[in-house]
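Okay, so here's the structure we're looking at.
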Number of protein chains: 2
Amino acid sequence: MPSAVLVAEPQLETRELLGRQLRDDGFDVLGAARRSEALELAESARPDVVLLAELELCLRLREGEPGRNWDRNVPVIVLASTSDPVERVRALDRGADDVVGRPFAYDELLARIRALIRRTAGSSEDVIVSGDLVVDRPTRRVHVRDTPVFLSAKEFELVAKLASQPHRVWTKEELLRDVWGFRALGRTRTLESHASRVRKKLCVAPDDRFVVNVWGVGYRMLE
Amino acid sequence: MPSAVLVAEPQLETRELLGRQLRDDGFDVLGAARRSEALELAESARPDVVLLAELELCLRLREGEPGRNWDRNVPVIVLASTSDPVERVRALDRGADDVVGRPFAYDELLARIRALIRRTAGSSEDVIVSGDLVVDRPTRRVHVRDTPVFLSAKEFELVAKLASQPHRVWTKEELLRDVWGFRALGRTRTLESHASRVRKKLCVAPDDRFVVNVWGVGYRMLE
DNA sequence: GGCTCCGCCAGATGTCCTTTCCAGCGGATC
DNA sequence: GATCCGCTGGAAAGGACATCTGGCGGAGCC
């Protein structure tokens, strides 16, 4: 399956040229001229990589927005406007994975895209199947042995996170950061409350055990 | 916990300078002048990032070697010898995650290191295998010859610390500081008590000896 | 505007871990 | 071999943490 690249570049000419080249190299390419368009496509098309020109867009992608559901962790490469190292540092500090200055060599950009995809491959499976549990990201549905389980938005995010690496123990800090996007918030019972509710909802059979607490650390998903 | 950076750079001066700067910025730094040293350290110290100058080393890291156990997926940044884009592409195509040309701005290298650690945090196969003992950090599971051993949070931290360098003797001060975060607290029996309990739990076969006391100093993992 | 659902927030309760204490053992030193 | 000091490992007290319930407020829907 070809990887999808979202090219968020205001300049028509650059966008088209880049799109053609990337298509020639086997990528699915989505173009976006404006920020709103880019966010829209990030949500609906779930690209494997985003190339973008505006740092502001990078921040918005990383911070997320209530009600919107793009992958806040999506790999990002910034097409900087200059060749100034200071601008490259700024891009990286704002959450970009990589950055190339202009003018850039297409071959290098391509190599960097490939390297980033290689690094992140498999981290955002569309459908996670782990034992009796099936988590379908695109449709946001969850099944336990073919029994549908209805989860709210946050509940789904939590389950998807835990199921993305079954058996891995996620610390409460990691879960709060990745699911809630908190900066530091430590002393509420929100996470525990959701974990409890999700656990109950996933218990279809009496002895199902999916969401398991790891004392003093966090939670993990079994099977 | 600070991230560990392995600097594999033949030139003494560059290696030392880079090491000092990175240490100032809060990293644990390991230096290696030769390829064999670098591979050795990649296996024993399990760095979070490797900076290297020779593409050959990058290939060796990625390919692995029978009997050796470094993480073939370890994040790699290449310090290219020139500023030639062709060399950058070559590095990326050989498995590097990122590459900076020379001369490079330290600030940019630092930003790239941070970006790469951010991206790979938690995904690196952080599994310590030493003899009959397997310590899996992501899942927080411990096995002795395929027999699972169930440890509490503090117990696991202690085992992971000891196993991170199996033959090294850790002083009680080091263990208290790194596992418990104490400043100096000298007169409790907490550490000894945990060591005792962990030792018993790890003794699957009658003559297993994993947590070994070193009289008047501290503990180590193996004999 | 009323209704419903969702997300967030404590409080009471129960569970499990952590720490401490102590008696006994065993190296280390001379 | 005698003595000292540190290590061992059981048991028990205390504390830290997790769970679940119920309530509050806001957003979206009718």
Mind calculating the distance between [atom1] ([X]) and [atom2] ([N]) to the nearest angstrom?
X      : N      : atom1 : atom2 : answer
B:L191 : C:dT18 : CG    : P     : 13 Å
A:K154 : D:dA27 : NZ    : P     : 14 Å
B:N213 : D:dC5  : CG    : C1'   : 13 Å
A:R140 : C:dC6  : CZ    : P     : 13 Å
B:H194 : C:dC17 : NE2   : P     : 10 Å
B:E192 : C:dG24 : CD    : P     : 20 Å
B:R197 : C:dT18 : CZ    : P     : 7 Å
B:E173 : D:dG6  : CD    : C1'   : 14 Å

Comparing B:K172 and B:S193 on DNA chain D - which has the more 5′ nearest nucleotide:
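The residue whose closest nucleotide sits nearer the 5' end is B:K172.
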
Hey, is [X] close enough to [Y] for a salt bridge, meaning N to O under 4.0 Å?
X      : Y      : answer
A:E192 : A:R189 : no
B:R72  : B:E65  : no
A:R114 : A:D98  : no

For [X], report the nucleic acid contact type (base, sugar-phosphate, nothing); a contact means any heavy atom under 4.0 Å.
X      : answer
A:R199 : sugar-phosphate
B:S196 : base
A:A153 : sugar-phosphate
A:Y219 : sugar-phosphate

On the nucleotide C:dG7, are OP1 or OP2 found under 4.0 Å from the side-chain N or O atoms that A:W180 carries?
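So the side chain of A:W180 is outside the cut-off, no N or O lying under 4.0 Å from OP1 or OP2 of C:dG7.
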
Any side-chain N or O of B:K201 less than 4.0 Å from the OP1 or OP2 oxygen of D:dG9?
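B:K201 to D:dG9 OP1/OP2: no side-chain N or O under 4.0 Å.
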
Can you tabulate the close N/O pairs, meaning under 3.5 Å, that link protein atoms to atoms of nucleotides 13-15 of chain D?
none

Kindly indicate whether the side chain of A:R189 and the base of C:dG11 share any N or O donor-acceptor pair separated by less than 3.5 Å?
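Flag set: donor-acceptor pair detected.
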
Using only atom types and a distance under 3.5 Å, with no angle test, would you say the side chain of B:K201 pairs donor to acceptor with the backbone of B:F150?
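Looks like yes, one N/O pair under 3.5 Å.
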
Closest heavy-atom contact between B:R137 and B:A160?
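Taking every non-hydrogen atom into account, NH2-CB, 3.4 Å.
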
Tell me which nucleotide among C:dT18, C:dC8, C:dG7 gets nearest to the side chain of A:S152.
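For the A:S152 side chain, the nearest candidate turns out to be C:dG7.
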
Can you tell me how far the CG atom of B:L133 sits from the CG atom of B:L162, to the nearest 0.5 Å?
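One gets 10.0 Å once the value is rounded to the nearest 0.5 Å.
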
Decide if atom CG of B:D146 counts as having more than 12 heavy atoms of other residues, nucleotides or ligands within a radius under 6.0 Å.
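Open: at most 12 neighbouring heavy atoms sit under 6.0 Å from CG of B:D146.
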
